[in-house]
Amino acid sequence: MIVRMGLLTRRPEVSPAEFRRHWREVHGPLAARLPGLRRYHQNHVVDDRQLAIDHARGPWSIDGISELWFDSEDQMTRALSSVEYQAVARDHQLFVGPTALITAVQNVVVPVDPSAGPLVKRMSILTRKPGLTPEKFKEEWWGFHAEAVSKFPNLMGYTQNLVTGRSLGLGQPAAYEALPIDGMVELWFRSVTDVEAAFRSRAADVSQTHALSFIAEITTFLVETYEVVSAGMSQKSNP
């Protein structure tokens, strides 16, 4: 399974409240109709502070991050070529400005317990250090770093999204230099207090020291997740 993520910035004439309402109430139902769509989550940015870490931050300023899961890249391509997607693209122009799109494969290090109740979610954009190959970045991130972060106290979930494709706008392929994103982190905790405590822990000292060796920038956001299509509601794939 792959995930397509959109880094969304609202149009300047659209207020944060209007962006949130339109994305949830109008755009969400349109995108939910895409053929082959397995899950669809909207992550509304509620806090863009560099919370609890002092790593160099990138230039990203966004209002939301979409996540759409498909069984394969072929299924995603079919969805983006569908009649249903044409309606999505038209509506996108009404409330979203600059858009960056990434395709990623996921490494679920610590699964989220469905019975855990409401959680605080933190998403982080990662850019690898200059001179480091994508292969070496994956080795360090999915290896030692994944194990180190999994030891954080109070951690309720941890997923790594390794970027395999990039585009700008609604689908123009982008070179790495135009969209220097190598990974997207998803971390879940019970509270902001638990986030801060986790990053003050000995486990965080280990992981953050290691991060300095292979990550140039970490840009963090706290988000509120709205599940438009959950796993149990997934659409059937086209034959």
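Just so it is clear, the values below take in all heavy atoms, side chains as well, and ignore hydrogens, waters and symmetry mates.
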Decide whether a cation-pi geometry holds between Lys138 and Trp142; the criteria are a distance under 6.0 Å from NZ or CZ to the six-membered ring centre and an angle within 45° of the ring axis. yes

Under the 3.5 angstrom rule, does the side chain of Thr127 hit a backbone N or O of Ile218 as a donor-acceptor pair? no

Parallel, tilted or perpendicular for Phe214 and His145, by the 30°/60° rule? perpendicular

Give, for atom CZ of Phe70 and atom CE of Met76, the distance between the pair rounded to the nearest 0.5 Å. 7.5 Å

Donor-acceptor contact below 3.5 Å, side chain Thr99 vs main chain Gly169: no

Which atom names give the shortest non-hydrogen contact between Pro153 and Ala198, and what distance separates them? O-CB, 3.6 Å

Please determine if Arg21 and Glu18 form a salt bridge, counting it only when a charged side-chain N lies under 4.0 Å from a carboxylate O. no

State the NE2-OG distance between His41 and Ser66, to the nearest 0.5 angstrom. 11.5 Å

Validation row: Trp60, Ile181 side chains within 4.5 angstrom (heavy atoms): yes

Could you check whether any side-chain heavy atom of Pro16 comes within less than 4.5 Å of a side-chain heavy atom of Arg10, counting everything from C-beta outward? yes

State, with a plain yes or no, whether a side-chain heavy atom of Asp48 is found less than 4.5 Å away from one of Arg57. yes

Nearest atoms (heavy-atom pairs only) where Pro35 meets Ser82: CD-OG, 3.6 Å

To the nearest 0.5 Å, atom OG1 of Thr219 lies from atom CG of Leu7 at 10.0 Å

In Å, rounded to the nearest 0.5 Å, how long is the span from CG of Asp182 to CG of Leu162? 8.0 Å

Distance-only, no hydrogens or angles: does the Asn43 side chain make a donor-acceptor pair with backbone N or O of Ile65 under 3.5 Å? yes

What's the separation between atom CZ in Arg78 and atom OG in Ser72, rounded to the nearest 0.5 Å? 7.5 Å

Are the side chain of Ser167 and the backbone N or O of Ala174 linked by a donor-acceptor pair below 3.5 Å? no

Taking the six-membered ring where the residue is Trp, are the ring centres of Phe152 and Phe199 under 6.0 Å apart? yes

Taking the ring centre of each residue, are Phe144 and His210 less than 6.0 Å apart? yes

Is it true that a side-chain atom of Arg190 and a backbone atom of Ala116 form a donor plus acceptor pair closer than 3.5 Å? yes

Would a distance-only check, ignoring hydrogens and angles, find a side-chain to backbone donor-acceptor pair under 3.5 Å from Arg166 to Leu179? yes

Got Leu222 and Val192 here, is their nearest side-chain heavy-atom distance under 4.5 Å? yes

Is the count of non-hydrogen atoms from other residues, nucleotides or ligands lying under 6.0 Å from Glu73 atom CD greater than 12? no

Could you please spell out the steps behind the side-chain contact (heavy atoms from CB on, under 4.5 Å) verdict for Leu212 and His55? CA-CA 8 Å; Leu212 292 171; His55 204 106; 3.7 Å; yes

What heavy-atom pair brings Tyr40 and Ala31 nearest, and what distance separates the two atoms? CE2-CB, 3.5 Å

Before you tell me yes or no, could you show the steps for Asp47 and Val45 under side-chain contact (heavy atoms from CB on, under 4.5 Å), namely the whole-Å CA-CA distance, both residues' side-chain angles and the distance that decides it to 0.1 Å? CA-CA 6 Å; Asp47 189 332; Val45 173; over 6 Å; no

Identify the residue among Arg20, His44, Gln42 that makes a side chain to side chain donor-acceptor pair (under 3.5 Å) with Glu224. Arg20

With a 4.0 Å cut-off, would you call Glu67 and Lys121 a salt bridge? yes

Are Arg90 and Phe95 in a cation-pi setup, meaning NZ or CZ lies under 6.0 angstrom from the ring centre and within 45 degrees of the ring axis? no

Do Val229 and Leu37 pass the side-chain contact (heavy atoms from CB on, under 4.5 Å) test, and can you show the C-alpha distance, the side-chain angles, and the key distance before you say yes or no? CA-CA 8 Å; Val229 177; Leu37 182 66; 4.2 Å; yes

Validate the cation-pi geometry between Arg38 and Trp69: distance from NZ or CZ to the six-membered ring centre under 6.0 Å, angle to the ring axis within 45°. no

Going by the rule side chain to side chain contact (heavy atoms under 4.5 Å, CB included), which residues pair with Thr159 if we only count those two or more places apart in sequence or in a different chain? Gln106, Val108, Asn161, Glu186, Trp188

Going by heavy atoms in the side chains, are Ile53 and Leu51 under 4.5 Å from each other? no

Would you name the heavy atoms of Ala79 and Leu34 that are closest together and state the gap between them? O-CD2, 3.9 Å

Minimum heavy-atom separation for Tyr85 to Arg4, with atom names? OH-NH2, 4.1 Å

How many angstroms lie between atom NZ of Lys129 and atom CG of Leu132, to the nearest 0.5 angstrom? 9.0 Å

Residue from Asp74, Val105, Thr164, Asp71 passing side chain to side chain contact (heavy atoms under 4.5 Å, CB included) with Ile2: Val105

Any side-chain heavy atom of Arg202 within less than 4.5 Å of one from Val206? no

Do Arg128's NZ or CZ and the ring of Tyr176 fall within the cation-pi criteria of under 6.0 Å and 45°? yes

Beyond-backbone contact of Leu101 with Gln172, side-chain heavy atoms, under 4.5 angstrom: no

Of all heavy-atom pairs linking Leu155 and Phe189, the shortest is CD1-CZ, 3.8 Å

Arg24 and Glu227: salt bridge (charged side-chain N to carboxylate O under 4.0 Å, His left out), yes or no, with the steps? CA-CA 9 Å; Arg24 285 186 59 158; Glu227 297 188 5; over 6 Å; no

Student check: side-chain heavy atoms of Asp194 and Val120 closer than 4.5 Å: no

